[in-house]
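All values derive from a computational prediction rather than experimental measurement.
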Amino acid sequence: FVIEVFIVTMYIREREADFITANERRFEGLAHGLLHAFDIASGLESLTPESLRDSQETLTMLCTRFYNAQPAGELSHIAIIGDYDMFLAHNDPNIIDTKIDDPDFRFQLGWKETRGALIGNVHHVLVPILSDKRDLLGTVDIGYSTDVLDAAMKPVWNNVLQLALLSMLLVAGCVFSATHFVITQPLKYLEDIGTRILQGNLIHTIKLTTRHDEIASLAQKFVQISHYLHDVTAIAQNVATGNLRHEVKKRSKRDTLSLA
């Protein structure tokens, strides 16, 4: 069971990682599409921090347009973060010109390659805006809620739970079959042997004595009981015919049949 839980956990984590990686690649392409649209709309030959600040209105319009073009509820935001960790543009106008105070978020902004980061309950795909000389000018921030990830993983969870239930049923079936073969069936066989002894049939061998467990020990006791009854029967027959020379060996101090 522990191994099964470990395997399921690793499988779920791999599927979540695949989903996050796919979203990072997809939203990186979306960010480059936005920047390309900005290049066309602004007509600027090169980007600088100042040109980005001067183009807040155009950037905000593009953020809003690209945000609205996505399926409803898929994204939490599309934003442009400039120098000094300020929101230069955002699909929500109320957030424009606000400063990022979260130190974990600010740490993720100083890189020149696309990064994914989980801040609170939002996954951020951070795509750097670089100059011709590869100087960092800002960052395109595209975010989606963890609820999107949970919704995407729900079918995976359902499949995993179904497979886990199926495997548990298979294991239970195997345990039941093994129990029936190893314990139940031999006990029924011993029950039949006991019935035969009760009916007066003497048992010389029992096939279960080849085993090496408690059931084999019990089977051996049945054989010994049968031999004991055979010996007592022979003595009784000798006494009945007048032959009193047969030696009686007591099995124990409580062997009432031998004492009789």
Side-chain angles (χ1 to χ4, degrees), residues 1-27 71 73-76 115-125 143-233 251-252 254-257:
F1 178 75
V2 174
I3 295 176
E4 183 177 4
V5 170
F6 175 77
I7 293 175
V8 168
T9 301
M10 294 301 297
Y11 176 79
I12 293 294
R13 287 182 178 179
E14 287 181 1
R15 298 290 74 78
E16 288 180 347
D18 291 342
F19 179 82
I20 292 173
T21 300
N23 269 356
E24 288 178 1
R25 292 175 180 174
R26 176 188 167 199
F27 294 145
E74 182 178 44
L75 297 182
S76 62
R115 294 175 62 84
L118 176 61
I119 309 296
N121 64 341
V122 176
H123 286 275
H124 295 258
V125 179
Y144 61 97
S145 171
T146 53
D147 293 338
V148 175
L149 174 61
D150 293 339
M153 295 304 297
K154 187 175 180 179
V156 177
W157 273 108
N158 291 337
N159 292 336
V160 167
L161 290 177
Q162 291 175 3
L163 290 174
L165 179 60
L166 178 60
S167 65
M168 290 176 64
L169 291 175
L170 290 175
V171 170
C174 292
V175 171
F176 176 79
S177 299
T179 302
H180 176 76
F181 179 76
V182 176
I183 298 178
T184 305
Q185 186 174 338
L187 288 179
K188 287 184 177 180
Y189 175 73
L190 288 177
E191 183 182 3
D192 293 339
I193 294 296
T195 301
R196 291 171 59 187
I197 293 176
L198 183 63
Q199 294 173 347
N201 297 317
L202 298 181
I203 307 299
H204 298 285
T205 59
I206 297 179
K207 62 184 180 180
L208 295 178
T209 54
T210 57
R211 294 165 53 124
H212 301 282
D213 56 10
E214 290 78 5
I215 291 180
S217 177
L218 180 60
Q220 187 63 43
K221 293 298 185 293
F222 272 84
V223 173
Q224 293 173 359
I225 291 173
S226 181
H227 289 170
Y228 173 67
L229 293 176
H230 179 270
D231 292 343
V232 172
T233 300
R251 302 296 178 93
S252 68
R254 298 181 180 181
D255 188 356
T256 55
L257 286 178

Looking only at heavy atoms, which two atoms of Val122 and Ser76 are closest? And how far apart?
CG1-OG, 3.6 Å
Chi angles and distances behind the side chain to side chain contact (heavy atoms under 4.5 Å, CB included) call for Ile20, Asn23
CA-CA 5 Å; Ile20 292 173; Asn23 269 356; 5.8 Å; no
At what distance, to the nearest 0.5 angstrom, does CD of Glu24 lie from OG1 of Thr21?
5.5 Å
Just wondering, do Lys154 and Asp150 contact through their side chains at under 4.5 Å, heavy atoms?
no
I need the Glu14 CD to Glu16 CD distance, nearest 0.5 Å.
11.0 Å
Hey, can you tell me if Phe19 and Tyr144 have their rings parallel, tilted or perpendicular (30° and 60° cut-offs)?
perpendicular
Taken in chain and number order and not counting sequence neighbours, the residues that satisfy side chain to side chain donor-acceptor pair (under 3.5 Å) with Glu74 are Arg26
